[in-house]
Amino acid sequence: MSENVRVRFAPSPTGLLHIGGLRTALYNYLFARHHDGEFILRIEDTDQNRYVEGAEEDIIKSLKWAGLGYDEGPDINVEGKYGPYRQSERSEYYQKYAEQLIEEGYAYYAFDTAEEVNDMRERLQKSGNPSPKYDAITRMAMKNSLTLSKDEVDRRLEAGEKYVVRLKVPRRETIRFEDEVRGFVSFESHGLDDQVLLKSDGLPTYHLANVVDDHLMGITHVIRGEEWLSSAPKHILLYEYLGWESPKMAHLPLIMSPEGGKLSKRNADKLGIPVNVRDYIQQRYEPEALVNFLAFLGWSPGDNREVLSLDELISEFSLDRVSKSGAVFNINKLNWFNEQYLRSRLEVDLLPEVKEIIKEYGFDGYSDEFIMQVIKLMKERAQLVNEFVSQGQYFFEAPQAYDTKTRKKAWKDNTGDLVQAYILRLQKMNEDDWEPAKIKDELKNVLAEKEVGFGKLALPTRLAVTGMGFGPDLFQTLELLGKDDVINRLKKAVSELG
RNA sequence: GCCGCGUUCGUCUAGGGGUCCAGGACGCCGCCCUUUCACGGCGGUAGCACGGGUUCAAAUCCCGUACGCGGUACCA
């Protein structure tokens, strides 16, 4: 094990935590735990315009739900050594290092307004430059501390004029670094522009804040999404100019939509894929299942195992087994994982949850014993706990309607008579005899008497009692529902279906 | 457009020169179990993007092409 691993998950609170964000957090977490290192949560709230109230709480709640505990974060400040953990509370650092960069000639003040920069870009575009930049060439025609006299710069600064601090990207330099998942990657500096480091509102951009904080917080490995790969060279440059050793970098493949492209709120909704972790919480996915599924979106242990606990994931995880290409999100597979985890849960442990769901459905007054029976009957057939109630609603109320397909198939002209005969026999049954085998015997008696096959009465009975054409064992279902209820439902069906 | 990254069954992936006429999982199909549906069991379907090299031998190495994705902001 390499010593002293420190990694961080650094989301910006611009909305609910996205499923892709959770995957990034997970990989960081697995890596940290595998190496006995620390996992840190840092909130990157440097864009005041995009800040969303409650987003931080959602991030924290989501991580907790998924079981990804962090060692340091906005709500866990360890000895104040590395904190605070919100970038909005760390302005002094960014200010300080921006100034250091300027003094040492690696950055400069720029006074151009947004419009002026835009004009420059448009002008260049019109004259045939497809990707105009604020760079080594163009900066000499702009208003900045490289072109203005020192007196003029001081005057503007003193007058409180708005400015940004830009990184002075070298004209010709190859920036090469080794990515833990992709190997060596290299960029030419002339393809980069003079990145704004400090915005005119005094807050840093991601690039500066990220580098400063990762260094100050002792981060050893930066594990983040591939969308950051292109800006990595800017970060490498910053580490160099600040005289710091760069942490190791690992850029994770993106999670893709089945329709192509990065999985986004828009294209996912359309396909019925929840994108926010909150949605999975609400739909009562098993957190272990989601985690297991996410772990395998871009990584695998190398053997044929797929259902792995968090502990197993921790001991198996390594960055060199992370794949390089994007992974399409397959909700079907997630549901399969959920099914695996749901089955492995103890029936008693499911009770409180199922009781909650029942309550949400507005049903009331069911004993724990009754609910436990429902759980036993439904457990092997559901993928999601919610289905215990949504697919088994008939345990809690008489069917409101009868499935038309089953009705067409099962309810024939003579069915009413058969059901009527069954009702008569059931009515004569002793309460003490109300058990699956005997209920079934009575049905068989009707069959023998009328000389028809099992399906002729069993399916109509199921339809009458549950409103559906499938479900758990019919006679166990009837037993659980109780004699009175069953007879009432059968009668109702006869009168409604003929 | 430019820059960067990628490409093994429909999807997630194993495999990184011979043991691969490519293995597992999800899905799909069939059979068995079940007088329902599911579960379970068994079997099947389907893939190395393309073209050139290198090599006795290439899914695996190299080059090119195509395609996909990401980036190209005083957003992260």
So, using ring-ring contact (aromatic ring centres under 6.0 Å, His included) as the criterion, who are the partners of A:His235 when residues are at least two apart?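 Here the qualifying residues are A:Tyr206, A:His207.
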List the residues meeting ring-ring contact (aromatic ring centres under 6.0 Å, His included) with A:Phe337, not counting sequence neighbours, and say none if there are none.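 For A:Phe337 there are no ring-ring contact (aromatic ring centres under 6.0 Å, His included) partners, ignoring immediate neighbours.
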For nucleotides B:A46 and B:U7, find the distance between their P atoms and express it as a whole number of Å.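 So the two P atoms sit 25 Å from each other.
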Remember a base hit wins even if backbone is also touched, and classify [X] as base, sugar-phosphate or nothing at under 4.0 Å, heavy atoms.
{"X": "A:Arg224", "value": "nothing"}
{"X": "A:Asn210", "value": "nothing"}
{"X": "A:Ala114", "value": "base"}
{"X": "A:Pro472", "value": "base"}
{"X": "A:Leu459", "value": "nothing"}
{"X": "A:Gly453", "value": "nothing"}

With the threshold set at 4.0 Å, does a side-chain nitrogen-carboxylate oxygen contact exist between A:Asp269 and A:Lys265?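 Here A:Asp269 pairs with A:Lys265 in a salt bridge, since their nearest N and O are under 4.0 Å apart.
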Assess, by modelled atom type and distance only, whether the side chains of A:Asn28 and A:Tyr70 contain a donor and an acceptor separated by less than 3.5 Å.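 The criterion, which ignores hydrogens and geometry beyond distance, is not satisfied for A:Tyr70 and A:Asn28.
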Any side-chain donor paired with an acceptor under 3.5 Å for A:Gln87 and A:Asp213?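 Yes, because at least one side-chain N or O of A:Gln87 sits under 3.5 Å from a partner of the opposite role on A:Asp213.
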Reckon A:Lys199 has a side-chain N or O less than 4.0 Å from the OP1 or OP2 of B:A76?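 Checking A:Lys199 against B:A76: at least one side-chain N or O falls below 4.0 Å of OP1 or OP2.
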Distance-only donor-acceptor test (3.5 Å): side chain A:Ser200, base B:C74: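 Yes, the side chain and the base share a sub-3.5 Å donor-acceptor pair.
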Between protein and nucleic acid, restricted to nucleotides 18-26 of chain B and to nitrogen or oxygen atoms under 3.5 Å apart, what atom pairs and distances do you find?
from, atom 1, to, atom 2, distance (Å)
B:A25, O4', A:Glu306, OE1, 2.8
B:A25, O2', A:Glu306, OE1, 2.5
B:A25, O2', A:Lys333, NZ, 3.1
B:A25, N3, A:Lys333, NZ, 3.0
B:C26, OP1, A:Trp336, NE1, 3.3

A:Glu259 CD to B:G10 P, straight-line distance once rounded to whole Å: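 Rounding to the nearest Å, CD of A:Glu259 and P of B:G10 are 18 Å apart.
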